[in-house]
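No experiment lies behind these values; they were computed from the predicted model shown.
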Amino acid sequence: MHALIGSILAQAGGEEISEPKDLYPAPGELIVGLIAFAILFFFTWKWVLPRFKEVLEERREKIQGEMERAEATRREAEKLQEEYRTQLAGARDEANKIIEEARATAEQLRRDLQAKAEEEAQATVARAQDEIRTERDRAFQELRAQVGSIAVELAERVVGEAVDEKAHKRLIDEFIDEVASSASSNGNGKDKEKGGSE
């Protein structure tokens, strides 16, 4: 093996190594190297390694702090999300309540308008019936006066002389009253039948 190492070094350096002692360091160099290594090890162990541990500890604490902050942020986000969901559910309930109140108000308004329209229609019908009765009575009075005067004229022509107008008018009025009362009773019966059918 020494020969192999020697031949490799000879080819690399171009020098020939004649003895194996040339391959190993001298004992003084080993002691100096060992002392240098011990000093370097002591220096590393005393100052570098603690500083390295501090840096690692700071890094670990920083990472742990960031993780704790991230966890706190996540919990806060979940809390806010839960509050948002609660508020959203409350808003939906409130919106549904407002919609129901609006529907109830609209339904009440519709009923009120319908009742008012029915009252107005009934009032209009009542006014129209009153006007019809008034107009019928007026027309009946005019007709009665005209029939009375025509009847007196006809009676005078038939008899050929003047008839007591008051007595004749009284007889005509009695006859007209009888006819009117029978017509009114027939008309009221018809009105009642119409009113019952409505």
Side-chain angles (χ1 to χ4, degrees), residues 36-148 172-198:
F37 177 76
I39 291 171
L40 185 61
F41 179 78
F42 178 75
F43 177 76
T44 303
W45 178 72
K46 186 74 174 169
W47 287 286
V48 175
L49 195 57
R51 180 67 186 138
F52 185 70
K53 284 183 179 178
E54 277 181 30
V55 170
L56 285 179
E57 185 64 23
E58 288 173 4
R59 181 75 175 151
R60 186 188 66 77
E61 288 176 359
K62 182 179 177 184
I63 291 171
Q64 186 174 358
E66 289 176 356
M67 289 177 65
E68 288 173 357
R69 282 193 297 276
E71 181 65 22
T73 304
R74 185 187 63 79
R75 282 195 300 267
E76 184 68 23
E78 287 178 354
K79 182 180 176 183
L80 289 173
Q81 186 178 17
E82 188 61 34
E83 289 176 4
Y84 171 74
R85 286 179 182 160
T86 304
Q87 290 175 355
L88 185 61
R92 284 181 183 154
D93 292 342
E94 187 68 23
N96 288 337
K97 188 187 295 181
I98 290 169
I99 289 170
E100 287 303 317
E101 288 176 0
R103 284 182 184 160
T105 303
E107 182 63 24
Q108 183 63 37
L109 182 61
R110 185 190 65 79
R111 284 195 298 265
D112 291 346
L113 289 175
Q114 187 175 7
K116 186 175 179 182
E118 287 176 3
E119 288 175 7
E120 289 178 359
Q122 289 174 356
T124 303
V125 168
R127 280 195 305 272
Q129 288 175 347
D130 289 343
E131 288 176 7
I132 290 170
R133 280 192 209 102
T134 303
E135 189 62 29
R136 184 189 66 194
D137 291 343
R138 187 185 61 75
F140 191 66
Q141 291 299 329
E142 288 177 4
L143 186 61
R144 174 183 274 184
Q146 289 177 0
V147 168
I172 292 171
D173 286 342
E174 288 175 2
F175 178 74
I176 289 174
D177 286 339
E178 287 178 20
V179 171
S181 65
S182 66
S184 295
S185 65
N186 289 341
N188 288 340
K190 289 177 184 176
D191 288 344
K192 287 178 184 174
E193 287 174 6
K194 287 180 184 175
S197 66
E198 288 175 1

Enquirer: Does E142 have any side chain to side chain contact (heavy atoms under 4.5 Å, CB included) partners at least two apart in sequence or in another chain, and if so, which?
Expert: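 If we apply the side chain to side chain contact (heavy atoms under 4.5 Å, CB included) test to E142, skipping adjacent residues, the hits are R138.
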Enquirer: With side chain to side chain contact (heavy atoms under 4.5 Å, CB included) as the test, would you mind laying out the steps for L80 and E83 before giving the verdict?
Expert: CA-CA 5 Å; L80 289 173; E83 289 176 4; 3.8 Å; yes
Enquirer: Could you tabulate the donor-acceptor pairs under 3.5 Å formed by side-chain atoms of residues 111-122, not counting sequence neighbours?
Expert:
| from | atom 1 | to | atom 2 | distance (Å) |
| --- | --- | --- | --- | --- |
| R111 | NH2 | Q108 | OE1 | 2.7 |
| D112 | OD1 | Q108 | NE2 | 2.9 |
| Q114 | OE1 | R110 | NH1 | 3.1 |

Enquirer: Is D130 salt-bridged to R133, going by a charged N under 4.0 Å from an acidic O?
Expert: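 Between R133 and D130 there is a salt bridge, with a charged N closer than 4.0 Å to a carboxylate O.
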Enquirer: When rounded to the nearest 0.5 angstrom, what distance separates OG1 in T134 from CD in Q129?
Expert: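 Result: 11.5 Å between the selected atoms.
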Enquirer: Residues two or more places apart in sequence or in another chain: which of them pass salt bridge (Lys or Arg N to Asp or Glu O under 4.0 Å) with R75?
Expert: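 Once residues adjacent in sequence are excluded, the partners of R75 under the salt bridge (Lys or Arg N to Asp or Glu O under 4.0 Å) criterion are E71.
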Enquirer: Please list, one pair per line, the donor and acceptor atoms closer than 3.5 Å that link side chains of residues 94-102 to other protein atoms, with sequence neighbours excluded.
Expert:
| from | atom 1 | to | atom 2 | distance (Å) |
| --- | --- | --- | --- | --- |
| N96 | ND2 | R92 | O | 3.3 |
| E100 | OE2 | R103 | NH1 | 3.1 |

Enquirer: Going from CG on L88 to CG on D93, what distance comes out if it is rounded to the nearest 0.5 angstrom?
Expert: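 Reported value, rounded in 0.5 Å steps: 9.5 Å.
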Enquirer: Kindly write out the residues that satisfy salt bridge (Lys or Arg N to Asp or Glu O under 4.0 Å) with E76, not counting sequence neighbours, or none if the list is empty.
Expert: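 Partners of E76 by the salt bridge (Lys or Arg N to Asp or Glu O under 4.0 Å) criterion come out as none, since no residue qualifies.
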Enquirer: Donor-acceptor pairs under 3.5 angstrom involving side-chain atoms of residues 46-62: please list them, not counting sequence neighbours.
Expert:
| from | atom 1 | to | atom 2 | distance (Å) |
| --- | --- | --- | --- | --- |
| R51 | NH1 | E54 | OE1 | 3.1 |
| E57 | OE1 | R60 | NE | 3.4 |
| E57 | OE2 | R60 | NE | 3.4 |
| E57 | OE2 | R60 | NH2 | 2.3 |
| R60 | NH1 | Q64 | OE1 | 2.8 |

Enquirer: Give the ring-plane orientation class for F41 versus F37, where under 30° counts as parallel, over 60° as perpendicular and anything between as tilted.
Expert: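 Judged by the thresholds at 30° and 60°, the geometry between F41 and F37 is parallel.
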